[in-house]
Visitor: 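Below is the structure I would like to discuss, written out as structure tokens.
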Amino acid sequence: MSAEHRPPEEHPPAALPKLLSALLYAGSSFLITVVNKTVLTSFRFPSYLCLGIGQMFTTIVVLYVAKMSLAVQFQDFDRSILLKIFPLPLLYVGNHVTGLASTKKLSLPMFTVLRKFTILMTMILEAYVLRKTFPKRIVYSVVAIVFGALVAASSDLAFDLEGYTFILLNDAFTAASGVYTKKKLGDQELGKYGVLFYNSLFIVLPTLLASAATGDLHEAAVFEDWTQATFVFCFLMSCFMGFVLMYSIVLCSYYNSALTTTVVGAIKNVAVAYIGIFVGGDYIFSWENFLGLSICMSGGLVYSYLTFNNKPSVVKAEGLQELRVDMTEDSRKH
């Protein structure tokens with residue numbers, strides 16, 4: 001009986017933060033995809049690296065001001081910070097760069113479909129790193145998602161090898177970043193704000209140097225639309241939304257799990273993919289592609305339904321709260 005009464009004691013206080021953090025991530029992820037697509041495709045801004053630098057710089061400034069005004073608290077810089085946060089900075093910059101590059105190269109529907117592989121990669125990493133197991137019905141729904149993604153991608157009339165490479169690398173970086181962010185959030189000194197701040201702080205200068213060395217920074221500086229108020233507004237909105245997105249990812253991972261955060265992203269992608277068919281102008285329709293999209297999205301919805309309907313049990317291990325699927329319900333019936 002004590003085991004039966006434990007979930008009601010633990011879940012109600014965390015239920016609202018879990019839901020709100022998931023909604024914040026879904027909303028910010030949807031908005032930044034549209035804004036980035038506008039900046040990189042509609043305005044043809046030549047530098048996705050500079051856009052990423054703007055997002056990192058915004059994160060640093062916002063959190064520094066918040067820390068100085070005592071609105072948030074996190075550990076002051078010292079020599080131990082780099083060891084505590086590694087390898088998150090590398091994963092963070094990889095996720096930023098490949099995500100922006102793939103957004104520029106691919107149509108919105110294909111971008112969101114190929115992002116589904118993040119779910120499979122996250123499951124594999126959680127099984128390997130966090131030693132988690134998943135019921136067969138969850139695995140089958142993931143297979144359906146991947147199958148739909150393959151069908152859609154195989155008939156993509158706008159096939160772009162570079163774009164596909166970037167998006168698959170982005171999937172791997174996102175999955176690894178989610179799993180290791182969950183582990184690093186157990187450090188009470190760093191906290192979620194420290195993870196965000198020091199991630200951006202450690203990588204903004206190397207990214208800026210790389211952008212300058214490749215000529216990317218120069219192309220951005222001489223971009224002709226800097227005098228247009230509409231473009232400047234979209235660019236600044238992208239920078240601010242980059243901060244909101246990274247904060248929402250860390251917050252969602254803090255209250256949930258890396259896999260739950262990925263699932264929320266999959267739900268968001270349902271809306272983005274179908275809106276992208278009618279809005280954006282860069283989607284080339286074919287029945288095979290549309291069928292693949294539908295299979296992929298249906299699998300995502302089923303996966304999400306199974307995940308959120310399984311009354312997870314919260315297990316605290318090494319200061320981390322990990323969301324585990326309750327697999328004892330079936331055994332109790334027999």
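Residue numbers start at 1 and run along the sequence shown. Both backbone and side-chain heavy atoms feed into the values below; hydrogens, waters and symmetry mates do not.
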Visitor: F117 and I124: same hydrophobic cluster, using ILVMFWY side-chain contacts below 4.5 Å?
Guide: yes
Visitor: Would V204 and I60 satisfy side chain to side chain contact (heavy atoms under 4.5 Å, CB included), going step by step from the backbone distance to the final call?
Guide: CA-CA 9 Å; V204 67; I60 295 171; 3.7 Å; yes
Visitor: Is T214 reaching over with its side chain to a backbone N or O of S211, donor-acceptor style, under 3.5 angstrom?
Guide: yes
Visitor: Just one of V34, V39, V35 clears the side-chain contact (heavy atoms from CB on, under 4.5 Å) bar with M237, so which one?
Guide: V35
Visitor: Check whether F243 and L205 end up in the same hydrophobic cluster, where Ile, Leu, Val, Met, Phe, Trp and Tyr are linked by side-chain heavy atoms less than 4.5 Å apart.
Guide: no
Visitor: First locate atom CG of D171, then atom OG1 of T98, and finally report the distance between them rounded to the nearest 0.5 Å.
Guide: 8.5 Å
Visitor: Roughly how far apart are F86 CZ and N199 CG, rounded to 0.5 Å?
Guide: 11.5 Å
Visitor: With under 30° as parallel and over 60° as perpendicular, where do the rings of F223 and W226 fit, or are they tilted in between?
Guide: perpendicular
Visitor: Distance only, no hydrogens: is a donor on one side chain within 3.5 Å (strictly under) of an acceptor on the other, for N95 and S177?
Guide: no
Visitor: Within the structure provided, determine whether F202 and I85 are in side-chain contact (heavy-atom separation under 4.5 Å).
Guide: yes
Visitor: Any side-chain to backbone donor/acceptor pair from S29 onto A26? Under 3.5 Å, distance only.
Guide: no
Visitor: State the OG-CG distance between S238 and N36, to the nearest 0.5 angstrom.
Guide: 3.5 Å
Visitor: Please determine whether residues I81 and L90 belong to a single hydrophobic cluster, defined as Ile, Leu, Val, Met, Phe, Trp and Tyr linked transitively by side-chain heavy-atom distances below 4.5 Å.
Guide: no
Visitor: How many angstroms lie between OG1 in T118 and CZ in F173, if you round to the nearest 0.5 Å?
Guide: 12.0 Å
Visitor: With rounding to the nearest 0.5 Å, note down the distance linking CG in L31 to CZ in F240.
Guide: 11.0 Å
Visitor: Tell me if a side-chain donor or acceptor on T41 pairs with a main-chain N or O of T38 at a distance below 3.5 Å.
Guide: no
Visitor: Can you check side chain to side chain contact (heavy atoms under 4.5 Å, CB included) on F166 and N170, steps first, answer last?
Guide: CA-CA 6 Å; F166 274 125; N170 185 232; over 6 Å; no
Visitor: Considering all heavy atoms of both residues, which atom of L168 and which atom of M121 are nearest to each other, and what is their separation?
Guide: O-CE, 4.0 Å
Visitor: Could you go step by step and tell me if C252 and L24 meet the side chain to side chain contact (heavy atoms under 4.5 Å, CB included) rule?
Guide: CA-CA 8 Å; C252 191; L24 176 62; over 6 Å; no
Visitor: Determine whether L196 and L63 make a side-chain contact, defined as any pair of heavy atoms from C-beta on separated by less than 4.5 Å.
Guide: yes
Visitor: Can you confirm whether more than 12 heavy atoms, excluding those of Y180, are under 6.0 Å from its OH atom?
Guide: no
Visitor: Report yes if some heavy atom in the side chain of M56 is under 4.5 Å from a heavy atom in the side chain of L51; otherwise report no.
Guide: no
Visitor: Which atom pair, heavy atoms only, marks the closest approach of S80 to Q75?
Guide: OG-NE2, 3.7 Å
Visitor: Are S47 and F45 packed together at the side-chain level, in the sense that at least one heavy-atom pair is separated by less than 4.5 angstrom?
Guide: yes
Visitor: Does any non-hydrogen side-chain atom of L217 lie less than 4.5 Å from one of L208?
Guide: yes
Visitor: Could you check whether any side-chain heavy atom of I119 comes within less than 4.5 Å of a side-chain heavy atom of T122, counting everything from C-beta outward?
Guide: no
Visitor: Is there a side-chain contact between T59 and Q55, using heavy atoms and a 4.5 Å cut-off?
Guide: no
Visitor: Please find the pair of heavy atoms, one from C239 and one from T58, that lie closest to each other, and give the distance.
Guide: CB-OG1, 3.3 Å
Visitor: Mind checking whether V72 and Y254 sit in one hydrophobic cluster, side chains of I, L, V, M, F, W, Y counted as touching below 4.5 Å?
Guide: yes
Visitor: Quiz question: by atom type and distance under 3.5 Å, do the side chains of S28 and S248 form a donor-acceptor pair?
Guide: yes
Visitor: For the atom pair OH (Y193) and OH (Y198), what is the distance rounded to the nearest 0.5 Å?
Guide: 15.0 Å
Visitor: Whether K67 engages the ring of F74 as a cation-pi pair (distance to the six-membered ring centre under 6.0 angstrom, angle to the ring normal within 45°) should be assessed.
Guide: yes
Visitor: Using a 4.5 Å cut-off on heavy atoms from C-beta on, say whether the side chain of F43 contacts that of Q228.
Guide: yes
Visitor: Without swapping roles, check the side chain of Y25 against the backbone of L20 for a donor-acceptor pair under 3.5 Å.
Guide: no
Visitor: Grouping I, L, V, M, F, W and Y whenever their side-chain heavy atoms are under 4.5 Å apart, do L201 and V61 come out in a common cluster?
Guide: no
